[in-house]
Structure formats: structure tokens, C-alpha cells
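Working notes for the structure below.
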Amino acid sequence: MRPFRALTYSSPDPAHLARVTSPAYDLVTADGRSRLAGSDPHNIVRLILPQVDDSPVAAPAPVAGGPPPWATHAARTLRSWQDDRVLVRDDEPALWVYELQPPGGEAATVGWLAAVGLPVPGSPAVLPHEDTFPVAVEGRRALLAATRTDLEPIVLAHDADAGVTALTERAMQAAPTLELGDDDGVRHRLWRVADPATIARVTDAFGRTGAVIADGHHRFAAARAHQRTDPGCPGCDAVLALLTPMGPGGLRVAAIHRVLPDLALDEAATAASAGFTVTEMPLPEVSPDALAAAVTTWLARCDGSGYLISDGRRLVLLDHPSPAVAARVPPEAPDVWRHLDVVLAHKGLIEGLWGRADRSEELLIAHTVDEALSVAVERSGVALLLRPPSPADVAAVARAGARMPRKSTLFVPKPRTGLVLRPLAD
């Protein structure tokens, strides 16, 4: 890891930063994008999800003979914001300590923002744990190539190290450089660390650790692809990353759910009965809130192997998978991978009993229970509600060289996009 000359908003006012920053691009819905763009003409969403002539960006794809128009538009917008000093560049390189404090007294997550060198293929220094979609990787690569800027960090969970912890605590004794509260009640505080001696100690301490990609697999793959397609370009040998420890002070893992559009609940339950015990779950009342509460309670309490499915109105439990369903999980895969709930869901249920492929038109992603149930209603489909893997499972899968299905993990809390950008060229 190394320091970098950051690009930040010229006004550090917390209310202004709340208006111009955004959640990560893959968490922003179409309605959310409109709301964010309307909150301020310089909201970062105009760069991470650019629109041309107020037309939403479709699935990004390469354009023969040049970059996609939306990527060029983002690059022009970024240059104009710098020319107008909406965004300003630091004079000297620095690292940044980043604290995310959730509401309700939960433990804070603390990490370091840095330019992290892209390891050579096969290196164990930075390990992915999820599959990626080529079209999504290409979209992020095209945006990176056009803007020549890391617009938002990936997140790495690193091996715990006492030296890193001590240096982090020492850096946080000063007043924060940037701070804001977001709509979810998370308080974000950042400290700029430019002292060369401190930077040397931090980078030395991190040199003793390895890391697993917690968030940003597509952006990491995009950085690699950009490095291959433009070898030797300044700064292309690294990616902006927030490094947080595994364990105390690190991230928590939430589940990501699936929605299968155009699938009736009774049809799904009947097909699932060939490999699971199927039980309709009683609800205290018929309402979206009661349904979401029942799902959340079950997911928190269940310690066995089973799934909930719902059409947004009724709730069905699938449990006790048969040996035939379990046998669809490749036996040659690492043991820790074969026993993941999400793997059995994909191999045994989605692909096996329901005959659906992992393609965007056949399988939708939902980041919350409420979103999954709502999309199931909107798309006349079935929500498949999953429990999250543990952080230890995620690390074990990565170190075994295996990959979970795409969008298997949601590490929280997430850094706010737009607080610190990294132009590639120093």
C-alpha cells in the first residue's frame, strides 16, 4: 500500500458532504439515483452512474472505436468540477483513517484508505471470494479508463495486526479532517495522515498482512483489466482500497437475497418438494411489515440448513435437503465452499430444481429483505431469502482458492462514495 494525492470536495461542511456523496454504485436504484442527483448538482452519483441527456445508463458495453458516450460524459463532468474547484487535489500524498460508526451503539468499523498495489496473478496478498460478471467488469473498466480516477474504494478485510491497531488509534487522536452522517444514521469520520514517518510505519505494518476482498470484486477486476489494456499508464498498478481488520473493528456480513421473476410460489414450492421438505409458514397477520418481520426473525434464529421463499404475500419454508439435491454441489470443490448455504441454493435449488441460470434476466439480486419481497411482488416472482456466511467462512473460501456465486456477501457498513477520490496519475 502507498499514500496518494487525494481529490476531495472543496467544502468540508458536513451538511454539504452529505448532499454530494452517495452509497456505492451497485446499491443505488434508479429512483435512488434520481433522488441523489436532485439533491445537489455536484453529487458524486453523476460520475459513478453517469447519464447522457438525462437518459439512464443501460448495461455498459464496449463501443467500437472509442469509449462509451456515458464514460466520456463522466470524464468531462469530472474535469469541469476540478476546473471550477468543486473538487480539489491534495498537494502531497497521504493515507486516510476512516471510521464508520453505525447507530444504536454498535461497534465502529475502522480502516485505512490507501492505494493498494495490484498483486500479480496467483499472489495470495489480495484474494477474491466471489464470481464476477464480465459486462459489469467492462462497465467499471470503461469508466476508470475514461476518468483516469478511482471514484470509489474497494474494501479489503486484512489479517489483524497489533501494530496496525496501535497506529490507527494514535492517528484518531487528532480532530477529523472530514465527517458527516448519512441517511442510515452511520457517522463517517476521516483523518488525513501525511506525516512521512507515520506513513512508513503504517505501510510496513500492513506489509505483514494479507487481505480478502470484502466489497468491490468488479472494480478490482476492472482495475486489473485496465492495467492489461493500458500497460504502463501512471497509477494503473494500484487500486483505491479501504483496509479494515478481520474481527474486532472490522466489517460485518449481511445476506444478499435472490428473486426469480415470473415464477409462481406454488409452482416453486412444488418443484422444490422433489428435494426439500416444504412447509407453509403461518403469519400473525397478512401485511408486508408482518411478512418482513417473520423473515428477519427466522433468518436470525435458524441454525440449520433451510431457506425461506415468498411471493411477497405468503411464506414457505424449504428444509431438510435430500442427498440428491446435495449431490449437485461439486464434490471436488473445497469442503468450506461445498457447505455454504448460498452454494446449495444455487446448485441444488435455483439451477437444479427450478432450472434457472445465473443470468440477470433470470435471477435478480436484492440487498435487503424488504427489497426482495417488494421485487417479488413487482415481478410476479419468488424471493429466495438467504442467511449470510460468517466472515471466517468468507476468508476460508478465498484462501482455498474458491469463489462464491456473485453477490453472495454484503459487508457492512459501507464507505461513503465521494469523500475521497484517487486520480491515477500522481
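Side chains are part of it too, since the values below use all heavy atoms of this structure and drop only hydrogens, waters and symmetry mates.
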Checklist entry - With no hydrogens and no angle check, is any side-chain donor or acceptor of Asp40 less than 3.5 Å from a backbone partner on Arg19? => result no
Item to check | Salt bridge present between Arg201 and Asp204 (N-O < 4.0 angstrom) | outcome: no
Next on the checklist: Classify the ring geometry of Trp81 against Tyr9: parallel below 30°, tilted from 30° to 60°, perpendicular beyond 60°.
Outcome noted: tilted
Next on the checklist: Around atom CG of Asp91, are there more than 12 heavy atoms from other residues, nucleotides or ligands closer than 6.0 Å?
Outcome noted: no
Item to check | Heavy-atom check, side chain of Asp426 versus side chain of Pro234, under 4.5 Å | outcome: no
Item to check | Donor-acceptor pair, side chain of Ser374 and main chain of Glu371, under 3.5 angstrom | outcome: no
Checklist entry - Less than 4.5 Å apart, any side-chain heavy atom of His367 and any of Val412? => result no
Next on the checklist: Around atom CG of Asp183, are there more than 12 heavy atoms from other residues, nucleotides or ligands closer than 6.0 Å?
Outcome noted: no
Checklist entry - Is there a donor in the side chain of Thr77 and an acceptor in the side chain of Arg46, or the other way round, less than 3.5 Å apart? => result no
Checklist entry - Please walk me through it: do His218 and Arg406 pass side chain to side chain donor-acceptor pair (under 3.5 Å)? => result CA-CA 10 Å; His218 289 91; Arg406 68 181 179 101; over 6 Å; no
Next on the checklist: What I'd like to find out is whether the side chain of Trp191 reaches to under 4.5 Å of the side chain of Glu99, using heavy atoms alone.
Outcome noted: yes
Next on the checklist: In the structure I gave you, are the side-chain heavy atoms of His188 and Thr21 within less than 4.5 Å of one another anywhere?
Outcome noted: no
Item to check | Sub-4.5 Å side-chain heavy-atom contact between Arg252 and Pro388 | outcome: no
Checklist entry - Between Arg140 and Tyr25, is NZ or CZ placed under 6.0 angstrom from the six-membered ring centre and within 45° of the ring axis? => result yes
Next on the checklist: Regarding Arg356 and Asp262, does a basic nitrogen lie under 4.0 Å from an acidic carboxylate oxygen?
Outcome noted: no
Item to check | Identified side chain to side chain contact (heavy atoms under 4.5 Å, CB included) partner of Ile44 from the options Leu87, Leu421, Leu78 | outcome: Leu421
Next on the checklist: In the structure I gave you, are the side-chain heavy atoms of Thr244 and Leu100 within less than 4.5 Å of one another anywhere?
Outcome noted: no
Item to check | Reported CH2-to-CZ distance for the pair Trp337 and Arg403, which is rounded to 0.5 angstrom | outcome: 12.0 Å
